[in-house]
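Both ligands and their constituent atoms are indexed starting at 1 by order of listing.
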Amino acid sequence: MSAPDTGEPSELVVGRYGELWLKGKNRRDFERALLKNTKRALAPVAPMKLVREGAQILAIPEPGSESRVGDLARRMAEVFGFSSISRARTAPADPQAIAETARTVLAEALDALPRGRAIPFRVETKRGDKSFPMISTELDRFVADRVIADHAERLTVDLSHPELTLGIHVRPERTFVFAERVPGAGGLPVGTLGRAVALLSGGIDSPVASWMAMKRGCEVVFCAFHSFPYIGESYLAKVRRLVARLARFQVNSVLHEVPFTAIQEAIRDGAPPSYRTVLYRRQMARVACRIAAREKASALITGESLGQVASQTLENLTCIGAASSLPVLRPLVAFDKFETIELARKIGTFDLSIEPEPDCCTVFQPKKPILRGRIEVCEDAEGSLDLDALIDAALEASERRVIAAS
Ligand code: ATP
Ligand code: MG
């Protein structure tokens, strides 16, 4: 196959992002963040360079790294902001050379498809270079005529319901041909919507909630509460593994580990037992708001979902939310557990979450937790405890660590 005369490898990865709604400054911020996030995600995979062309980012392996193009494509499909991803081959901007490249791409694609039946097929050209000598439909036909003869028994032209589409994109900078188009991660580039603090337990829900916030453009700072000596070091080790897994979606992640035992003991000793869980959560929200101020974050995220457990009734969520000076985002609010589990499997946190480790809320758990908590009762109970000093002390003793993607 003839390579273009740029000296670059002929294989590359194309990441597309929808552009219709992107205007003015929004567009610049979006593109800048997407480039930065893509670079941080792909740089450890293989030496490559990124180029923005139109509403797409191309990842071009450096010479010698061509064989890693599949790994680059898989990693790019995890970066929020892309609508679709393709592996592609570049071609010189000449119809005959494009047909040659198309032949190679088609042969590779057919290798992966079943034999024994005709595959509905079409060529689809997008012409971004208006100086190209043929219009799109002419190039479609020109290329189809030249590639289909090689595989007459395996292909049948079907313009309306193709199973295999050979895409050709003719741009002023370069032309490329592709047959595969996988969904991107969607969403918005992490960081474009600011920063939020996620309350991360070791459970199934909060990692998924964190991922959903990242998907909508929030950079997530994590905060986990632990109860030494009641809950051991292995709980924190599990939380760190979860953060490392989630860091894939935003590269590095910050985790604040906050000792919570003294606050829990004060609540155990001085508040109605049935309110313990709600009161724990209120103090968690307070601590998280203080961390948010340090980290310049503007919202909290939790894995709560309406009605899932006793502490998550509308009344109890209201009590918890009232203790936060920042909006509390609950991405899972309307999810059923099985929907959350499905997502947890997809993003790779499920197996970590189900490792058996109790979390701090199981400490001093009451027999009968309140179902419909009332804010006045919470505030009354808190009034007789010196929580401000305990919160200061917890923050003082907390640890901040940066965790790289695993
Ligand atoms: P998860 O699966 O995230 O643990 P859950 O459905 O089990 O959620 P709870 O354990 O009641 O519900 O916790 C509700 C939310 O409170 C969690 O999703 C998380 O955001 C927060 N949370 C609970 N425990 C902790 C903790 N030890 N550290 C940080 N946040 C916590
Ligand atoms: Mg839990």
Backbone or side-chain N or O of [X] under 3.5 Å from ligand 1 N or O:
{"X": "Gly303", "answer": "yes"}
{"X": "Cys223", "answer": "no"}
{"X": "Pro207", "answer": "no"}
{"X": "Ser201", "answer": "yes"}
{"X": "Ala224", "answer": "no"}

Note to self: So is His226 touching ligand 1 or not, going by heavy atoms under 4.0 Å?
What the structure shows: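 In this structure, His226 fails to qualify as a contact of ligand 1 - no heavy atom is under 4.0 Å.
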Notebook entry, point to check: So, does Tyr235 sit close enough to ligand 1 that a heavy atom of it is under 4.0 Å from the ligand?
Noted result: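 Flag set, Tyr235 near ligand 1.
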Notebook entry, point to check: Do you know the tightest heavy-atom contact between Ala224 and Val239?
Noted result: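 In terms of heavy atoms, the two residues are closest at CB-CG1, 3.7 Å.
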Item checked: Considering all heavy atoms, the nearest Ile301-Val220 contact ->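 In this case the closest contact between Ile301 and Val220 is CD1-CG2, 4.2 Å.
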Quick check on contacts: which atoms of ligand 1 are under 4.0 angstrom from a heavy atom of [X]?
{"X": "Leu200", "result": "28 (N), 29 (C), 30 (N)"}
{"X": "Gln312", "result": "6 (O), 9 (P), 11 (O), 12 (O), 14 (C)"}
{"X": "Thr302", "result": "20 (O)"}
{"X": "Gly203", "result": "1 (P), 2 (O), 4 (O)"}
{"X": "Ile204", "result": "2 (O)"}
{"X": "Asp205", "result": "1 (P), 2 (O), 3 (O), 5 (P), 6 (O), 8 (O)"}
{"X": "Met284", "result": "24 (N), 25 (C), 26 (C), 31 (C)"}

Next item on the list: For Asp140 and Thr125, test the side chains for any donor-to-acceptor distance below 3.5 angstrom and give the result as yes or no.
Entry: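 Looking only at side-chain atoms, Thr125 and Asp140 do form a donor-acceptor pair, the distance falling under 3.5 Å.
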Check: For residues Arg16 and Ser83, is any side-chain donor paired with an opposing acceptor at under 3.5 Å?
Finding: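 Note: Arg16 and Ser83 side chains miss the donor-acceptor criterion.
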Check: Would Asn37 and Phe80 count as a side chain to side chain contact (heavy atoms under 4.5 Å, CB included) if you check the C-alpha gap in whole Å, the side-chain angles of each, and the deciding distance to 0.1 Å?
Finding: CA-CA 9 Å; Asn37 296 349; Phe80 293 124; over 6 Å; no
Item checked: Intermediate values then yes/no, side chain to side chain contact (heavy atoms under 4.5 Å, CB included), Gln283 and Leu387 -> CA-CA 8 Å; Gln283 314 324 309; Leu387 288 169; 3.5 Å; yes
Item checked: Proximal candidate to atom 9 (P) of ligand 1 [heavy atom criterion; set Glu257, Arg281, Lys337, Glu304] ->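 Nearest option to atom 9 (P) of ligand 1, by heavy atoms: Arg281.
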Notebook entry, point to check: Is the number of heavy atoms from other residues, nucleotides or ligands within 6.0 Å of CD (Glu163) greater than 12?
Noted result: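 More than 12 heavy atoms, drawn from other residues, nucleotides or ligands, come within 6.0 Å of this atom.
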Check: Are there more than 12 heavy atoms of other residues, nucleotides or ligands under 6.0 Å from atom NZ of Lys296?
Finding: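 Atom NZ in Lys296 is not packed in, count stays at 12 or less.
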Check: Do the side chains of Tyr235 and Phe228 get nearer than 4.5 Å, heavy atoms only?
Finding: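 No, side chains not in contact.
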Margin query: Between Asp205 and Lys337, is the salt bridge (Lys or Arg N to Asp or Glu O under 4.0 Å) condition met? List the steps.
Written below: CA-CA 8 Å; Asp205 299 344; Lys337 195 75 187 187; 2.9 Å; yes
